[in-house]
Trainee: 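I am attaching a structure below and will ask some questions about it afterwards.
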There are 2 protein chains.
Amino acid sequence: MTTTEPRHIRLLIADDEHLIRGALSALLNLEPDIEVVASVDNGVAAAEQALATKPDVCLLDLEMPGADGIEAAARILSTVATKVVIVTRHARPGVLRRALAARVSGFVPKSTPAEELADVIRDVVAGKRYIDPEIAATALTAERCPLTDRELDALRFSRSTMSVQEIADRLHLAAGTVRNYLSSAMTKLDARSRHEAAEIAWQQGWI
Amino acid sequence: MTTTEPRHIRLLIADDEHLIRGALSALLNLEPDIEVVASVDNGVAAAEQALATKPDVCLLDLEMPGADGIEAAARILSTVATKVVIVTRHARPGVLRRALAARVSGFVPKSTPAEELADVIRDVVAGKRYIDPEIAATALTAERCPLTDRELDALRFSRSTMSVQEIADRLHLAAGTVRNYLSSAMTKLDARSRHEAAEIAWQQGWI
DNA sequence: GTAGAGCAGTGACATTTGTCACGATTTGAC
DNA sequence: GTCAAATCGTGACAAATGTCACTGCTCTAC
């Protein structure tokens, strides 16, 4: 079908902040060819509603309690024939990689001008992909994660205020082992404390 | 004047995220009595535009680079006869106190239903105040900050990944002194590391 | 004026953390 | 089979961090 006339687009919105969700609905409902058919506040509900309403596009916030945007995207795309656009506040390069691996069609930061969002959605419905050029460039220049799985495990817990012993307990490892992982991670990332290393890894989207 | 007919409300919106700003504009412009007359992405610009456009209400996001919402509110209210409503993602009790001290008229979290926002704005224009009941309750039950100014200074830097020596240099103090402040803060907050103490203090809105 | 609170510092000490060197496995690649 | 890399562990050590006791100083309140 090579029709060029604007097709009616049915949209699902997931964002944990009620105000933002409502505002995005208002914004997109202004477009004559877009209709918001579902509006939910978490990833699990997004998957359920996607199955129930079969929208053309799902607009998912990345930061949500429970199942985050990428997890929700993976679930939705494995059960429903639809497209997914991820919206995020903090666009970290590693997250873009994970999103693309989950077969997401669009990736836009919240710094995008509001006028562009509807166009992105139309592009995605038309089978195109849209990746924010700024993030794409960062992701391409950013080097690959130099850390091993275990190092990442240890770093993940170091973002909270856990002691080495607590992390060791959680990972079922000896305290010395955890210290070694953290130490090598710190060397690789050129950090002066495990907290700094965890911060760097997070900003890169590795954890 | 005891007129009851809906008055025309001129609104300024400040939010560093373009998408959110646009979406909120769309949402509020749907209201027949509300007109968005200025839309900016930081606190400094908000103060300038408030002076230039003399809006009836300023809707300020709390989290903005440079001058945050409360700082912007203070500047605006000292130069223009207008009302201020603060919108925030992370509603911490201490922040509410600071906002009220800055003579803000409204305080709403981003979890507020979108439909309510216009009503809040109308209430504020009518001279009323609106404080999110949930946050108000938390702020009233939460005990007052038990920390001294210097303890707060030291904690503020502990949120980043600075060493004690670096914090001491920044504050022009001896390293031992800083350690003492951090230690007493940790005792007061029942924390097991300065990072945990800083986290607690931040969540309470004290730093 | 004096008692209490906050401020600034010192020194001693125990604990936690980070570093290093070294084994012993397992796993996948060649 | 052998090699390299990742994994898991130990023990020893230095540096950073947290705790405690104690000394002055300057305000403020009563």
Side-chain angles (χ1 to χ4, degrees), chain A residues 94 97-98 101 142-207, chain B residues 94 97-98 101 142-207:
Chain A
R97 270 207 194 83
R98 280 201 293 138
E143 73 272 39
R144 186 137 226 88
C145 175
L147 304 171
T148 68
D149 287 350
R150 289 315 229 167
E151 285 164 357
L152 290 172
D153 285 339
L155 276 184
R156 214 162 276 129
F157 289 109
S158 281
R159 277 206 83 214
S160 68
T161 59
M162 276 178 142
S163 70
V164 171
Q165 186 57 59
E166 285 171 324
I167 297 172
D169 292 346
R170 200 68 76 88
L171 294 176
H172 303 293
L173 291 174
T177 309
V178 171
R179 277 205 311 240
N180 283 341
Y181 286 142
L182 290 173
S183 183
S184 70
M186 285 162 62
T187 307
K188 287 177 184 174
L189 300 180
D190 193 27
R192 268 167 9 279
S193 76
R194 63 205 175 93
H195 298 289
E196 192 177 327
E199 200 51 43
I200 292 171
W202 186 83
Q203 292 219 337
Q204 291 292 323
W206 293 332
I207 54 177
Chain B
R97 270 207 195 83
R98 280 201 292 139
E143 73 273 38
R144 187 138 224 88
C145 175
L147 304 171
T148 69
D149 287 350
R150 288 316 229 168
E151 284 164 359
L152 290 172
D153 285 339
L155 277 184
R156 213 162 277 128
F157 289 110
S158 281
R159 278 205 80 213
S160 68
T161 59
M162 276 178 142
S163 71
V164 172
Q165 186 57 60
E166 285 170 324
I167 297 172
D169 291 346
R170 200 68 77 88
L171 294 175
H172 303 293
L173 291 175
T177 309
V178 171
R179 273 188 305 177
N180 283 341
Y181 286 142
L182 290 174
S183 182
S184 70
M186 286 163 62
T187 307
K188 288 177 184 173
L189 300 180
D190 194 27
R192 267 161 17 276
S193 75
R194 63 204 176 94
H195 297 290
E196 192 178 328
E199 200 52 43
I200 292 172
W202 186 82
Q203 292 219 336
Q204 292 291 325
W206 294 331
I207 54 176

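So you know, we letter chains A, B, ... as the sequences are listed, proteins then strands, and number each from 1.
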Trainee: Quick one: A/L147 CG to D/dT7 P, roughly how many Å, whole number?
Mentor: 11 Å
Trainee: Over all heavy atoms of both residues, which pair between B/L155 and B/A185 is shortest? Give the atoms and the distance, please.
Mentor: CD1-CB, 4.1 Å
Trainee: Which nucleotide wins on minimum distance to the side chain of B/T148, given the candidates C/dC7, C/dT19, C/dA12?
Mentor: C/dC7
Trainee: If you look at every strand shown and take non-hydrogen atoms under 4.0 Å, does B/R150 touch a base, only sugar-phosphate, or nothing?
Mentor: sugar-phosphate
Trainee: Measure distances between side-chain N and O atoms of A/N180 and base N and O atoms of C/dC20, and say whether any donor-acceptor pair falls under 3.5 Å.
Mentor: yes
Trainee: Do B/D149 side-chain and C/dC7 base share a donor-acceptor contact under 3.5 Å?
Mentor: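 Answer is no: no donor-acceptor pair is held.
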Trainee: Where is the tightest heavy-atom contact between A/V178 and A/A168, given as atom of each residue plus distance?
Mentor: CG2-CA, 3.6 Å
Trainee: Let me know the distance between OH of B/Y181 and P of D/dC20, rounded to the nearest Å.
Mentor: 18 Å
Trainee: What nucleic acid atoms does A/S193 come within less than 4.0 Å of, heavy atoms only: base, sugar-phosphate, or nothing?
Mentor: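 Touches sugar-phosphate only.
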Trainee: Evaluate side chain to side chain donor-acceptor pair (under 3.5 Å) for B/E151 paired with B/S184, printing each intermediate quantity in order.
Mentor: CA-CA 8 Å; B/E151 284 164 359; B/S184 70; 2.6 Å; yes
Trainee: With a 4.0 Å cut-off on heavy atoms, is A/S163 in touch with a base, just the backbone sugar-phosphate, or nothing at all?
Mentor: sugar-phosphate
Trainee: Closest nucleotide of DNA chain C for B/E151 versus for B/G176: which of these residues is on the 5' side?
Mentor: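 Mapping each residue to its closest nucleotide by heavy atoms, the 5'-most match is B/E151.
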Trainee: Quick one: closest heavy-atom pair of B/A191 and B/A197, and the distance?
Mentor: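 Smallest heavy-atom distance, with atoms named: CB-N, 3.5 Å.
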Trainee: Tell me the interatomic distance from A/H195, atom NE2, to C/dT17, atom P, rounded to whole angstroms.
Mentor: 8 Å
Trainee: Tell me whether the OP1 or OP2 atom of D/dC20 has a side-chain N or O from B/S183 closer than 4.0 Å.
Mentor: no
Trainee: Go through B/R192 and A/E166 one step at a time and tell me if the salt bridge (Lys or Arg N to Asp or Glu O under 4.0 Å) criterion holds.
Mentor: CA-CA 12 Å; B/R192 267 161 17 276; A/E166 285 171 324; 2.8 Å; yes
Trainee: Take atom CZ of A/R192 and atom P of C/dT16, then tell me their distance rounded to the nearest Å.
Mentor: 23 Å
Trainee: Think B/R194 has a side-chain N or O under 4.0 angstrom from the OP1 or OP2 of D/dG18?
Mentor: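 Yes, because at least one side-chain N or O of B/R194 sits under 4.0 Å from OP1 or OP2 of D/dG18.
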Trainee: From CG of B/L182 over to P of D/dA16, roughly how many Å is that when rounded to an integer?
Mentor: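 About 16 Å, once rounded to whole Å.
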Trainee: Regarding B/T177, tell me which of base, sugar-phosphate or nothing describes its non-hydrogen contacts under 4.0 Å with the strands shown.
Mentor: base
Trainee: Between atom NZ in B/K188 and atom P in C/dA5, what is the gap in whole Å?
Mentor: 11 Å
Trainee: Would you kindly give the CD-to-P distance between A/Q165 and C/dT16, to the nearest whole Å?
Mentor: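 That distance rounds to 9 Å.
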Trainee: Can you measure B/L189 atom CG to D/dT19 atom P for me and round it to whole angstrom units?
Mentor: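 Rounded to the whole Å, the gap is 12 Å.
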